[in-house]
Amino acid sequence: MLKTIFITGLLCITLSYADAQTLTIPPRIEQAYTKGTRSLSGKPGKKYWENHARYNISMTITPPNRVINGVEQITYFNNSPDVLDSLNMKLIENVHLAHGRRGGLADTAAGIVVDDIKINGAKANWDNKTAVTTNQMVALASPLMPHDSVKLNISWHYQLSTREGREGVINPTTFYLAYFYPRVSVYDDYKGWDTQPHNGGLEFYNDFNDYTLRVTVPKNYLVWSTGTLQNANQVLQPAFAKKLQESMTSDSTIHIATPQDLANKNITAQNEANTWVWTANNITDVTFAVSDNYDWDAASVLVDDKTQRRTAVQAAFADSAQDFHHYVQFARNSLGWFSHNLPGVPYPFPKTTSVQGYADMEYPMMVNDSHETDLGFAQLVQDHEIAHTYFPFYMGTNESYYAFMDEGWATTFEILIGTAEKGKAVADDFYKKFRVNRWTYGPHGKEMPIITPSPETTFNAGDNFYGKPSLSYLALKDMLGDALFKKALQTYMSNWNGKHPIPWDYFYSMAEGSGKKLDWFFYNWFYTPYYIDLSLDKVEKASNGYNLSITNIGGFAVPFDAILTYVDGTTETFHQTPIVWEKDQKNISVNIKTTKGVKSITLDGGIFVDADMKNNTWTAN
């Protein structure tokens with residue numbers, strides 16, 4: 001039944017290429033490879049394109065008033081070979097007009113209301129009574145031709161939600177704004193317009209755009225945003241602008257705004273209102289926060305040894321949140337480790353800011369994290385969110401359709417950096433408890449392949465997005481070895497930085513970067529309804545040691561240790577990488593070379609937790 005649903009849902013066909021097994025690709029996506037926008041080498045094809053826009057946005061906010069007013073000009077460039085007779089607009093704030101994903105009631109005041117929209121200077125047809133979903137198609141009076149552009153001028157308003165979530169009111173005078181502006185959705189080479197509805201669960205898919213953001217707030221309000229602040233000397237008093245500048249080269253945390261400073265109301269320029277100006281280029285989104293009661297800490301970290309480039313690290317938080325007093329240094333550690341270890345790509349942006357909110361959610365250069373009393377867990381959450389810098393912000397993955405392409409990687413980086421921070425035993429234990437155990441000890445009769453599009457994943461969806469793909473990435477790392485895995489990963493990232501990769505681009509890039517035939521591995525992990533369960537069926541004495549007959553009941557090609565306990569009471573571990581499953585993924589014989597007498601043998605997968613350990617041990621008669 002599962003297999004039938006999967007094949008029918010994906011309408012898979014077979015795409016063959018030389019000297020390799022076959023992987024199935026849905027017909028619409030296969031056309032991208034046929035047309036040459038993507039290639040079997042893993043690189044973008046010679047005819048690859050993606051659309052782009054310039055956003056000039058001005059926002060006006062007057063807390064505690066929750067009504068947000070915005071004006072924007074969008075210049076949208078059609079780099080595709082297609083004639084576009086309409087544009088699909090994303091209105092993510094309209095998610096509040098429907099029941100929330102946790103069963104919350106609709107917030108009928110929180111949807112976007114477009115006050116005026118002009119396209120190339122002419123008033124466009126727009127009806128707010130019908131524009132109540134997260135997608136709204138707008139007809140163009142004149143078709144947008146290939147390699148031409150169109151200008152949209154939009155003014156709008158909406159009311160911030162008071163729900164605890166990814167955006168909205170944090171306290172009466174502290175707001176986090178995300179998805180606050182109407183935007184043109186992605187038009188790509190394999191699906192056309194992205195019309196996937198947003199329901200508050202699955203995440204996002206955006207083009208790489210250039211942004212100028214102006215945020216006008218009353219005096220004594222601070223603003224933190226995606227991008228680089230262009231007018232610090234105009235919006236901050238000289239002493240505070242100086243501290244901000246000093247933080248750009250400081251390893252130590254500088255307290256730019258303290259509770260006493262906030263009480264003194266002497267941080268910002270004392271105009272009735274100040275307009276903060278930010279710019280960010282070639283990035284997928286912008287978000288920002290405003291507050292008159294949040295502390296402001298800052299420092300910086302070296303992320304690129306070759307150029308000596310540093311990244312600014314900032315945090316905005318309630319003074320009572322003890323964990324956030326550590327967040328600047330937590331983030332410095334994250335950025336330094338990711339830049340120098342795995343993925344080993346220097347953090348690509350000039351800044352990151354962690355804001356205390358409710359979401360545990362990532363945005364370009366911004367993190368909206370909830371307050372945690374456990375400092376170890378607080379650090380892990382921030383590590384995970386900052387890891388998203390690379391997926392989906394360095395590489396524009398489609399989170400709403402293939403969530404495993406970003407969440408799986410962030411989960412993988414989470415355990416790798418956790419091992420460096422807390423040691424292998426602690427990191428492994430947390431990973432098993434938080435990411436693996438619930439899935440591995442749960443039912444597997446309705447398991448769905450990881451490759452299943454996220455909106456169609458109806459069983460253990462979170463496991464398909466986080467734990468299972470993470471285990472696949474870690475299994476591949478185990479099989480290739482650290483150096484070759486890193487080389488392959490960086491090949492993939494180099495191929496698709498600033499572009500929109502899909503799963504097959506990952507598969508082909510990793511094979512090309514490693515120089516290995518990996519289709520068998522990717523098919524095993526991504527195309528099957530498998531899980532983890534090994535059985536040690538038989539042990540036979542051999543001339544050079546012992547032959548172990550092992551059945552892969554669950555099916556996944558996992559690494560494992562054969563742990564031998566000798567008759568003298570000592571133990572020895574023989575590690576097996578997933579390569580042992582290359583030829584036969586159900587039944588294998590493994591030869592363990594030893595001259596000592598064996599009392600018992602146990603198969604142990606470590607973080608690859610076995611669903612049934614009762615059949616993993618053999619004991620000598």
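Just one of Leu335, Asp304, Thr311, Thr307 meets the side-chain contact (heavy atoms from CB on, under 4.5 Å) condition when paired with Pro346; it is Asp304. Checking each of Phe522, Trp525, Tyr506 against Tyr473 for a ring-ring contact (aromatic ring centres under 6.0 Å, His included) leaves exactly one that passes, namely Tyr506.
Within the 4.5 Å cutoff, side-chain heavy atoms of Glu421 are placed close to those of Gln379. Between Leu416 and Asn341, every side-chain heavy-atom pair lies at or beyond the 4.5 Å cut-off. No side-chain heavy atom of Tyr358 sits less than 4.5 Å from a side-chain heavy atom of Tyr176. Using a 4.5 Å heavy-atom cutoff, the side chains of Met395 and Tyr390 are not in contact.
Here CG of Asp319 is found 11.5 Å from OH of Tyr294. Values are rounded to the nearest 0.5 Å. The distance from the CH2 atom of Trp337 to the NE2 atom of His340 is 12.0 Å, given to the nearest 0.5 Å.
Between Leu202 and Phe465 the shortest heavy-atom distance is CD2-CE1, 3.7 Å. Ile502 approaches Ile29 most closely through the heavy-atom pair CD1-CG2, 3.4 Å. Scanning all heavy atoms of the two residues, the minimum distance from Phe485 to Leu476 falls at CD1-C, 4.1 Å. The two residues Phe208 and Gly396 have their closest heavy-atom pair at CZ-N, 3.5 Å. Between Gln585 and Trp520, the shortest heavy-atom contact is NE2-CE3, 3.4 Å. Listed here is the closest heavy atom pair of Gly42 and Asn495: O-ND2, 3.4 Å.
Note that Lys468 lies outside the cation-pi zone of Phe526, set by a 6.0 Å cut-off to the ring centre and a 45° limit from the axis.
Ring pair Tyr466/His384 is parallel by interplanar angle, where below 30° counts as parallel and above 60° as perpendicular. In this pair, Tyr347 and Phe349 present their aromatic rings perpendicular. The plane angle is above 60°, beyond the 30 to 60° band.
Between the side chains of Asp610 and Asn616, at least one donor N or O sits under 3.5 Å from an acceptor N or O.
Of the charged side-chain nitrogens involved, none lies within less than 4.0 Å of a carboxylate oxygen, so that Lys486 and Asp482 do not count as a salt-bridged pair.
The ring of Tyr33 has its center closer than 6.0 angstrom to the ring center of Tyr508.
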